[in-house]
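These notes are about the structure you will find just below.
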Number of protein chains: 2
Amino acid sequence: MTVETTDFAKALREAGLRVTQQRMVVLSVLTGTSDHPNADELLTRARAVDETVSLATVYRTLSALEDAGLIRKLSLENEPSRYEIAPALDHDHLVDIDTGEVIELPSEDVHRLRVELAARLGYEVISQHTLIRARKITTPPQG
Amino acid sequence: MTVETTDFAKALREAGLRVTQQRMVVLSVLTGTSDHPNADELLTRARAVDETVSLATVYRTLSALEDAGLIRKLSLENEPSRYEIAPALDHDHLVDIDTGEVIELPSEDVHRLRVELAARLGYEVISQHTLIRARKITTPPQG
DNA sequence: ATGAGTGCAAACAGTTTGCACAACC
DNA sequence: GGTTGTGCAAACTGTTTGCACTCAT
């Protein structure tokens, strides 16, 4: 919708970034999904909207958007980084090591604890993220 | 000391791995340091002991040791993985984003909480690690 | 002696970059 | 119109792998 389009443009402008077709597309793709796509997946989805987008631009855009605080980059283990729009409430991620599915976990309270802990050590927390690797329990806990 | 050497050999053997000069060296280097070296740094330190060690072998050794549960791999952001011997009590890491220094933080209680949370979602936690990016506070909090 | 481990160099994956052209302000 | 962004291809970094040889068991 035009409303959303305007929102993206506004967000970009407020971040001091030029409003380009490519950035709009990347932002809209990320906004319109609840999963956590990586650069390659973003390229594919972006190209479904605008055929001309290149992988280099996707990376440059992601980097710019991250610096602007509009999106968050998830550095997982042994696989390409994934991205999500910067969440209002901070959360961590559980990765299903069998399927690769990523689940968001609430973590405000734990994060608050860590901020205090870090402060006691003389540090200001810039970011924190917990990555949990887990496996779905198949056998019901029985007797 | 010979005692240590024997320990390394024993640990390797118990893990079902052949005892090679290279694996002994990598294990001893990792045991003898409190920082968290990456593969390149490990190569340099290993070569100080055994000139013939190659980078490929360092990687293959690290991978084998990790699978055996003898060491832990730390996947940081935008930089090569770092390694530490598998800690008795689990902990998280705070990275000073200015100096790169890595500080270990206790986290058993928080980890326990997450295990419960994951269990409620039907997941068994395989591993969890929190990466905190922080900056040393220079200006005292005043007005 | 046989199979696992090694060194080397080449391959690989993800990401970044130099350059010429295009598009935003 | 000038500067910032883009596409393309080439470069780069961290890591993995094929092969011939070596060594632990």
Side-chain angles (χ1 to χ4, degrees), chain A residues 5-6 8-29 36-44 46-47 49-68 70-83 100, chain B residues 5-6 8-29 36-44 46-47 49-68 70-83 100:
Chain A
T5 303
T6 311
F8 297 146
K10 194 175 151 212
L12 287 170
R13 225 171 265 121
E14 281 172 357
L17 295 171
R18 282 196 181 178
V19 179
T20 69
Q21 173 67 14
Q22 294 84 340
R23 286 173 181 171
M24 297 283 279
V25 172
V26 171
L27 254 187
S28 77
V29 167
H36 303 75
N38 61 31
D40 250 25
E41 293 162 350
L42 278 169
L43 177 65
T44 304
R47 281 196 164 156
V49 181
D50 177 348
E51 185 57 50
T52 76
V53 180
S54 76
L55 184 57
T57 290
V58 168
Y59 274 113
R60 280 189 281 228
T61 297
L62 289 172
S63 172
L65 294 178
E66 192 196 3
D67 288 349
L70 293 177
I71 67 174
R72 178 148 78 127
K73 175 181 177 175
L74 307 176
S75 297
L76 309 191
E77 302 185 338
N78 312 321
E79 63 167 305
S81 295
R82 295 173 170 273
Y83 300 83
Chain B
T5 302
T6 311
F8 297 146
K10 194 175 151 213
L12 286 171
R13 224 171 265 120
E14 282 173 357
L17 296 171
R18 285 196 180 178
V19 179
T20 68
Q21 173 69 13
Q22 294 86 341
R23 286 173 181 171
M24 297 284 279
V25 171
V26 170
L27 254 188
S28 78
V29 167
H36 303 75
N38 60 32
D40 251 25
E41 292 162 351
L42 278 169
L43 177 66
T44 305
R47 281 198 165 154
V49 181
D50 176 348
E51 185 57 49
T52 76
V53 180
S54 76
L55 185 55
T57 290
V58 168
Y59 274 112
R60 281 189 280 227
T61 297
L62 289 172
S63 172
L65 294 178
E66 192 196 5
D67 288 349
L70 294 176
I71 66 174
R72 177 148 78 129
K73 174 179 176 178
L74 307 176
S75 297
L76 309 190
E77 302 185 339
N78 311 322
E79 65 166 304
S81 294
R82 295 172 171 275
Y83 300 84

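Reminder, nothing fancy here: chain letters follow the sequence lines and each chain counts from 1.
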Completion exercise
Here the pair of heavy atoms bringing Ser28(B) nearest to Phe8(B) is CB-CE1, 3.3 Å

Exercise for the section: Return the 5'-most residue of the pair Lys73(B), Val19(B) with respect to DNA chain D, ranking by each residue's nearest nucleotide. Expected result: Lys73(B)

Exercise for the section: Give the rounded distance in Å between these two atoms: CG of Leu74(A) and C1' of dT15(C). Expected result: 17 Å

Handout entry: Leu76(B) vs His36(B) side-chain heavy atoms within contact, under 4.5 Å
Key = no

Exercise for the section: Five pairs at each end of the helix from dA1(C)-dT25(D) to dC25(C)-dG1(D): take the axis at both ends and give me the angle between them to 10°. Expected result: 40°

Completion exercise
Residue pairs passing the side-chain hydrogen bond (donor to acceptor under 3.5 Å, both in side chains) test with at least one member in residues 50-62 of chain A, sequence neighbours excluded, are Asp50(A)-Thr52(A), Ser54(A)-Thr57(A)

Practice task
Using atom CG of Leu27(A) as one end and atom C1' of dG5(D) as the other, report the distance to the nearest whole Å.
Solution key: 15 Å

Practice task
Round to a whole Å and report the spacing from CG of Leu43(B) to C1' of dT16(D).
Solution key: 16 Å

Practice task
May I ask you to test the Leu65(A)-Leu17(A) pair for a side-chain heavy-atom distance under 4.5 Å?
Solution key: yes

Problem - salt bridge (Lys or Arg N to Asp or Glu O under 4.0 Å) against Glu77(A), all qualifying residues, sequence neighbours excluded - result: Arg133(A)

Practice task
Check whether any side-chain heavy atom of Val26(A) sits under 4.5 Å from a side-chain heavy atom of Gln22(A), and report yes or no.
Solution key: no

Completion exercise
Residue set satisfying side-chain hydrogen bond (donor to acceptor under 3.5 Å, both in side chains) with Glu79(A), at least two apart, ordered chain then number -> Arg82(A)

Problem - Asn38(A) and Glu41(A), any side-chain heavy atoms less than 4.5 Å apart - result: yes

Practice task
Kindly say if Tyr59(B) contacts the phosphate of dT15(D), meaning a side-chain N or O under 4.0 Å from OP1 or OP2.
Solution key: yes

Handout entry: Integer-rounded Å distance: dT15(D) C1' and Asn78(B) CG
Key = 16 Å

Completion exercise
To the nearest angstrom, the CZ-P distance between Arg13(A) and dT4(D) comes to 17 Å

Practice task
Please work out if Ser63(A) contacts a base, only the sugar-phosphate, or nothing of the nucleic acid, heavy-atom cut-off 4.0 Å.
Solution key: nothing

Problem - Distance, rounded to the nearest Å, where Glu77(B) contributes CD and dT16(C) contributes P - result: 13 Å

Practice task
Grab the CG-P distance between Leu76(A) and dG14(C) for me, whole Å please.
Solution key: 13 Å

Practice task
Between protein and nucleotides 1-12 of chain C, map the contacts as a letter string: B base, S sugar-phosphate only, - none, heavy atoms under 4.0 Å, written 5' to 3'.
Solution key: --BBSBBB----

Handout entry: Nucleotide dG14(D), atom P - distance to CG of Leu62(B) in whole Å
Key = 15 Å

Practice task
Output all residues satisfying side-chain contact (heavy atoms from CB on, under 4.5 Å) with Val19(B), sequence neighbours left out; order by chain, then residue number.
Solution key: Ala9(B), Leu12(B), Arg13(B), Met24(B)

